[in-house]
Amino acid sequence: MKRILVTGATGQIGSELTLALRRAYGNDEVVALAHVAEPGKELLESGPCDFLDCREIGAIAEMVKRYGVDTIYHLASLLSAVGELDPQQAWNVNMMGLFNVLEAAREYQCAVFYPSSIAAFSPNAPKDKTPQVTLQRPDTMYGITKVAGELLCDYYFKRFGVDTRGVRYPGLISHKTMPRGGTTDYAVQIYYEAVKGNKFTCYLKPGTFLDMMYMPDAIKAAIQLMEVDSSRLKHRNSYNITAMSLAPEMIGAQIRKEIPSFTMDYQIDPLKQAIADSWPNSMDDSAARQDWGWKPDYNLKSMTKDMIEKLLRKLKMNRHDG
Ligand SMILES: NC(=O)c1ccc[n+]([C@@H]2O[C@H](COP(=O)([O-])OP(=O)(O)OC[C@H]3O[C@@H](n4cnc5c(N)ncnc54)[C@H](O)[C@@H]3O)[C@@H](O)[C@H]2O)c1
């Protein structure tokens, strides 16, 4: 029986991962930790919820003790674009938070899931099929915290035997909770505008290829990696995983197959474009496929169909055309 703590449980990933974990392991076994924002009704009513500032020394250890936890999914973080606007705070939240989680895990023998990102590579690493092991000298604060986080997790595994595991997530596309301050947020916003019948103005240039994944695959990967027998893992922190490499115009074209009147134009945000240009066009995720059987279920076509259906329902709208 697992007893699980999820930090950042109200975020884009946490709001869906917590519910999936509750379905898999039982509602009472999964504690959702919010920060300042009150969790939504679904999270509040389906299982235990509490509040935590992950920067506070001892706060996570206190939660682990209070709830008798053996596994932590650590999602609390500041993302790439907000991280560049406030790099000092990004360092504090991302590094102090992770350090406190790992210390609690060491003291109470917990397993830890820690998501890294496509931001963790060097701008000089190969852009296409970026290898599992390659140059990691990012030039954003977010990327720096991700590499430092991967190293710190590996250190706690080797030095203290803490069962740390992680993936490098690509940009995640979802319909439940809006992303906040990432460079790939446009790939979610575009679907909302399309479903509302609006034109979408993209802040990245056409031809900006980035790895992407639909949220159900991201959730599946996290749970699958934490379940796999530890002897299969040749890497710990972190495994490249991806589902598709997309440029904005490709998503636009796929949406037009469902909503023919959809249009988009471009107004480049130099900060976000510079971040995107420093990231891979596509990652090689063969190590994850070989070692623990990673395989995404969704491609651009099936994701687009599902996103549009779910958003039409969520926004209580009818199809404009198509
Ligand atoms: N969403 C993506 O596309 C993506 C891609 C790659 C990696 N990741 C990683 O996945 C993890 C979760 O990402 P997300 O998209 O859900 O982020 P998010 O911004 O939606 O959620 C982050 C959560 O952290 C919480 N938080 C912020 N400061 C906190 C603090 N001081 N104490 C406690 N909680 C705090 C926020 O309340 C929020 O719920 C992060 O580590 C992120 O780097 C996300």
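Read the numbers this way: they start at 1 and go in the same order the structure lists the ligands and their atoms. These numbers were taken from a predicted model, which means no experiment stands behind them.
Ranking protein heavy atoms by distance to atom 39 (O) of ligand 1, first place goes to Thr10 OG1, 3.0 Å. For atom 3 (O) of ligand 1, the closest non-hydrogen atom on the protein side is Leu172 N, 3.0 Å. With hydrogens left out, the protein atom closest to atom 43 (O) of ligand 1 is Tyr142 OH, 2.5 Å, a heavy atom. Nearest protein heavy-atom contact of atom 21 (O) of ligand 1 is Gly11 CA, 3.3 Å. For atom 32 (N) of ligand 1, the nearest non-hydrogen atom of the protein is Cys54 N, 2.9 Å. Atom 17 (O) of ligand 1 has Leu79 CD1, 3.4 Å as its closest protein atom, hydrogens excluded (heavy atom only). Protein heavy atom in closest approach to atom 44 (C) of ligand 1: Ile13 CD1, 3.8 Å. At the top of the distance list for atom 23 (C) of ligand 1, counting protein heavy atoms only, stands Gly8 CA, 3.6 Å.
Within the cation-pi definition used here (under 6.0 Å to the ring centroid, within 45° of the axis), Arg165 does not qualify as a partner of Phe113.
Of the N and O atoms on the side chains of Glu16 and Thr177, not one donor lies less than 3.5 Å from an acceptor on the other residue. In this structure, a donor-acceptor pair under 3.5 Å is present between the side chains of Tyr156 and Glu103.
Ligand 1 lies less than 4.0 angstrom from a heavy atom belonging to Lys146.
Looking at ligand 1, you won't find any N or O of Leu78 less than 3.5 Å from one of its N or O atoms. Considering both main-chain and side-chain atoms, Ala9 never comes within under 3.5 Å of ligand 1 through any nitrogen or oxygen pair.
For ligand 1, the atoms closer than 4.0 angstrom to any heavy atom of Asp53 are 30 (C), 31 (N), 32 (N). Every atom of ligand 1 with a heavy atom of Ala76 under 4.0 Å away is listed here by number and element: 24 (O), 33 (C), 34 (N), 35 (C). For ligand 1, the atoms lying closer than 4.0 Å to a non-hydrogen atom of Leu52 are 32 (N), 33 (C). Here is the list of ligand 1 atoms found below 4.0 Å of a heavy atom in Ser116: 6 (C), 7 (C). Atoms of ligand 1 lying under 4.0 Å from any heavy atom of Pro170, numbered from 1 in the order shown and given with element: 3 (O), 5 (C), 6 (C). Near Leu75, with a cut-off below 4.0 Å to any heavy atom, the atoms of ligand 1 are 11 (C), 12 (C), 22 (C), 40 (C), 41 (O).
Between Asp291 and Arg232, no side-chain nitrogen of the basic residue sits less than 4.0 Å from a carboxylate oxygen of the acidic one, so the salt-bridge criterion is not met. With salt bridges taken as basic N to acidic carboxylate O contacts below 4.0 Å, none links Lys272 and Asp185. One finds no salt bridge joining Asp70 and Lys2 here, because no Lys/Arg side-chain nitrogen approaches an Asp/Glu carboxylate oxygen to under 4.0 Å. Ionic pairing of Glu29 and Arg22 is not present here: no N-O contact between side-chain nitrogen and carboxylate oxygen is shorter than 4.0 angstrom.
The aromatic rings of Trp292 and Trp294 sit tilted, their planes meeting at an angle between 30° and 60°.
For the side-chain hydrogen bond (donor to acceptor under 3.5 Å, both in side chains) condition, no pair includes a residue of residues 247-256, sequence neighbours left out.
Atom CG in Leu33 sits 7.5 Å away from atom OH in Tyr67 (nearest 0.5 Å). In this structure, CZ on Arg55 lies 10.0 Å from CE on Met96, to the nearest 0.5 angstrom.
For Asp211 against Met283, the heavy-atom pair with the smallest separation is OD2-N, 2.7 Å.
For atom 36 (C) of ligand 1, no protein heavy-atom neighbour is found at a distance under 4.0 Å.
Contacts of Asp269 classified as side chain to side chain donor-acceptor pair (under 3.5 Å), with partners at least two apart in sequence or in another chain: none.
Distances from atom 40 (C) of ligand 1 to the heavy atoms of Ser80, Ser77, Ser117, Pro179 show the closest one on Ser77. Compare Gln12, Met96, Met178, His35 by their heavy atoms: the one nearest to atom 28 (N) of ligand 1 is in His35. One option in Met212, Arg180, Met213 has a heavy atom closer to atom 38 (C) of ligand 1 than any other, and that option is Arg180.
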